Protein chains: 2
Amino acid sequence: MTVTLADVAARARVSPATVSRVLNGNYPVAASTRERVLRAVDDLDYVLNGPASSLAAATSDLVGILVNDIADPFFGIMAGAAQSEIGGPGDGSGRAGGEKLAVVCNTGGSPARELTYLTLLQRQRAAAVVLTGGALEDPVHQAAMSAKLAKLADAGTRIVFCGRPPIPGGDAVAASLAFDNRGGGRRLTEHLISLGHRRIGYVAGPRERTTTRHRLEGHREAMRAAGLYGEEGGADTHPDVERLTVHGPYDRRSGYEATLELLRRDPGVTAIVAANDTVALGAGAAIRDQGLRIPQDVSVAGFDDLPFSVDAAPALTTVRLPLFEAGARAGRLAMGKETPPPGGIATIAAELMVRGSTAPPRVG
Amino acid sequence: MTVTLADVAARARVSPATVSRVLNGNYPVAASTRERVLRAVDDLDYVLNGPASSLAAATSDLVGILVNDIADPFFGIMAGAAQSEIGGPGDGSGRAGGEKLAVVCNTGGSPARELTYLTLLQRQRAAAVVLTGGALEDPVHQAAMSAKLAKLADAGTRIVFCGRPPIPGGDAVAASLAFDNRGGGRRLTEHLISLGHRRIGYVAGPRERTTTRHRLEGHREAMRAAGLYGEEGGADTHPDVERLTVHGPYDRRSGYEATLELLRRDPGVTAIVAANDTVALGAGAAIRDQGLRIPQDVSVAGFDDLPFSVDAAPALTTVRLPLFEAGARAGRLAMGKETPPPGGIATIAAELMVRGSTAPPRVG
DNA sequence: CTGTTAGCGCATTCAG
DNA sequence: CTGAATGCGCTAACAG
């Protein structure tokens, strides 16, 4: 029924091995022979049997890209960039040559699904795996991840982190590209402080995520350095630390509700910093629904600089992360097309983007 | 080095066949034996060899979901919903049982890549393929697609369309879920007309896409019905038809630039309809940058009702598409968990969402 | 440069 | 209910 390599060999009057060689292109074959084989392939409309090929070669051309939330452009941009480096542009023939099959897996932020996907990819003998976005800080899950990643690496799968900090015991990880979330968070809050803000509410992401923690730490560093948590080294014991922070998922609704809550806790806040741009959008809606103006009454800031942020009204002050560039680099790293940074770890800078949603607070 | 089924069999003191049977669970096995085997699996940390399994069984557990732009939540929402139906919730053990590997492939809207991905999935003997979003109308590509899909279906791959109209000769497609883009587009423009708008600019998507064409057709139907293209049946020959339409990609920049162009062509337009919400965001930014107010000077409307649209300032009038529900249904269809609609074709309704970005035009 | 020979690891006949 | 035998389609040594 289905045409096999042997059929192609017969039609081209060569051995199966030769056909395999021209298809994989990793071995010298006479031009005339190759010609004949390729014609037979086209004539017969032959499609390589992936499983058989992977079994024999003990490797596959599958590359997995894990994301926390595929509906979030933050991940979509990185994944798309990685995929374009991995999948190659295609040759327009639709015939598919030595391309890898770059494939995105949506964990939904669930640790169990993350592990399950890794097992599934291990089962497929994936050539590489790219893990994007922040990690869960739960030690049990972290240990399980290290163990699983070690096994994958052991089986020849290349592991790359993108937008995720290195993990302890993560020798299996070929390269980690981490965003400077802490520095970005710090500079953002410094910006607000320099405008004159003193009471700043913070809508944080979900607890136990590295991204959440780092951005929040940056914020608090800036607050503390400005003496806004009490002049003494009292640091995180100041009541405002908890009072002006609300945690929630990375979505608009969380931003909306958390902002309402912050406004209730302290009607005198003059600025809201959100865990990311999506959350900031919800925060802005909440502020307007309270009859307040942005930025005259309350300033708003986000993080990531997603494409829609510049179009918000007013345009959103945020921290730009080079998501596309990072994703592309992760893709290249996964393909072995780029040498890993020294120590396997690179920190990617975050740039403050000051726009219309932040301004000095009203006097009085 | 790597542990195989035979190793597990040896440790459990059974034959390889038995191990295979408990793992696949599709054959009676004594409870005590099963117990022993599962323990051996855990002890040895055995992971099934996917390629070998697929080769022997002539099918794989891979399910592909094709999207045009993974960075666009329009696709992300559908893909995530489909994936959650296909991948299952996972059992929290990370051990991975009979789960399918639901996987998202980003075509970037390129026909060549679309075909390449299908070939790659065919090569992997994918269990099912879900194609999301509008299709290219180029007849050559359509023919190539039908042929490729026929071959996939022939090899046992189930094909499902989600948010994509059926194609001619697409008997291979098990089910098509199409959005009522035309009806939605019509109702949206009817809404504007009922508010009193007469000169309405349209920022269309890329040419030759079904989604673009259907939405535009709906718009023009409404315009024509209201006599805004001349009272006679002159229909699409009225100069405004072309003058007040600008095509471009489905992104914010296109919305921005096209709107500038429309405003230049006819400073008297009182409303801008965008091909989708993302484009509408760019359109809104352009309008504001021209010193005009929304909706007092110019109304703006989008399509899709993506999550951010309700948070825009003012909130965006748009047409709601049940993306999550459609994606989930497509996922179930792909898994054979739901019976296809009669004729394999279902049209999904689009609901008009009137919000603050549209209002009656200024008098005078 | 090309053909021959062996498996890769598993699912599935068949017997028992 | 369980075991033994066979082959899925291909790649990778080896020879030539």
Side-chain angles (χ1 to χ4, degrees), chain A residues 1-38 40-41 44-62 96-98 122-127 155-156, chain B residues 1-38 40-41 44-62 96-98 120 122-125 127 155-156:
Chain A
M1 184 57 229
T2 136
V3 24
T4 76
L5 214 176
D7 298 331
V8 176
R11 188 169 226 279
R13 326 194 84 242
V14 296
S15 75
T18 300
V19 177
S20 172
R21 292 196 265 252
V22 334
L23 257 28
N24 290 299
N26 47 13
Y27 214 83
V29 174
S32 64
T33 314
R34 150 178 297 113
E35 203 53 45
R36 209 141 32 90
V37 169
L38 287 179
V41 166
L44 266 34
D45 218 13
Y46 170 68
V47 173
L48 188 69
N49 183 315
S53 166
S54 298
L55 174 58
T59 83
S60 86
D61 52 4
L62 198 68
Q122 179 183 7
R123 187 184 277 188
Q124 301 296 331
R125 305 302 189 252
Chain B
M1 186 56 232
T2 139
V3 25
T4 76
L5 214 177
D7 299 328
V8 175
R11 188 169 225 280
R13 324 194 85 243
V14 297
S15 74
T18 300
V19 177
S20 171
R21 292 197 264 251
V22 334
L23 257 29
N24 290 302
N26 48 13
Y27 213 83
V29 174
S32 64
T33 314
R34 154 180 296 115
E35 202 54 42
R36 209 142 32 89
V37 169
L38 287 180
V41 166
L44 265 37
D45 219 14
Y46 170 67
V47 173
L48 188 70
N49 183 315
S53 168
S54 297
L55 173 56
T59 83
S60 86
D61 53 4
L62 198 69
L120 254 13
Q122 178 183 9
R123 187 184 277 189
Q124 301 296 331
R125 304 303 189 248

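These numbers were taken from a predicted model, which means no experiment stands behind them. Values reported hereafter were calculated over all heavy atoms of this structure, with side chains retained and with hydrogens, waters and symmetry mates removed. The sequence lines fix the lettering, A, B, ..., with proteins before strands; numbering per chain opens at 1.
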Close residues, residues 10-19 of chain A, relative to DNA chain C [heavy-atom separation under 4.0 Å]: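 Only A/Val14, A/Ser15, A/Ala17, A/Thr18 qualify.
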Donor-acceptor contact below 3.5 Å, side chain A/Arg125 vs main chain A/Gln122: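 Answer holds: yes.
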Straight-line distance of A/Thr4 OG1 to A/Leu48 CG, nearest 0.5 Å: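 It is 11.0 Å, given to the nearest 0.5 Å.
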Write out a two-atom table: protein N or O, nucleotide N or O from nucleotides 6-9 of chain D, distance below 3.5 Å.
none

Listed partners of A/Ser20 passing side-chain hydrogen bond (donor to acceptor under 3.5 Å, both in side chains), at least two apart: A/Asn24
Minimum-distance pair of heavy atoms, taken over all atoms of B/Leu5 and B/Pro16: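 In terms of heavy atoms, the two residues are closest at CD2-O, 3.4 Å.
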Leading and trailing nucleotides of DNA chain C with any atom under 4.0 Å from heavy atoms of chain B: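 Endpoints of the contacted stretch of DNA chain C: C/dG9 to C/dT13.
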Value in whole Å for how far the P atom of D/dC1 lies from CD of B/Glu35: 15 Å
Give the table of side-chain donor-acceptor pairs shorter than 3.5 Å for residues 31-38 of chain B, with sequence neighbours excluded, one pair per line with atom names and distance.
| from | atom 1 | to | atom 2 | distance (Å) |
| --- | --- | --- | --- | --- |
| B/Arg36 | NH1 | B/Ala12 | O | 2.5 |

What residues form a side-chain contact (heavy atoms from CB on, under 4.5 Å) with [X], not counting sequence neighbours?
{"X": "B/Ser54", "result": "A/Pro51, B/Ser60"}
{"X": "B/Ala17", "result": "B/Ser15, B/Arg21"}
{"X": "B/Asp45", "result": "A/Lys151"}

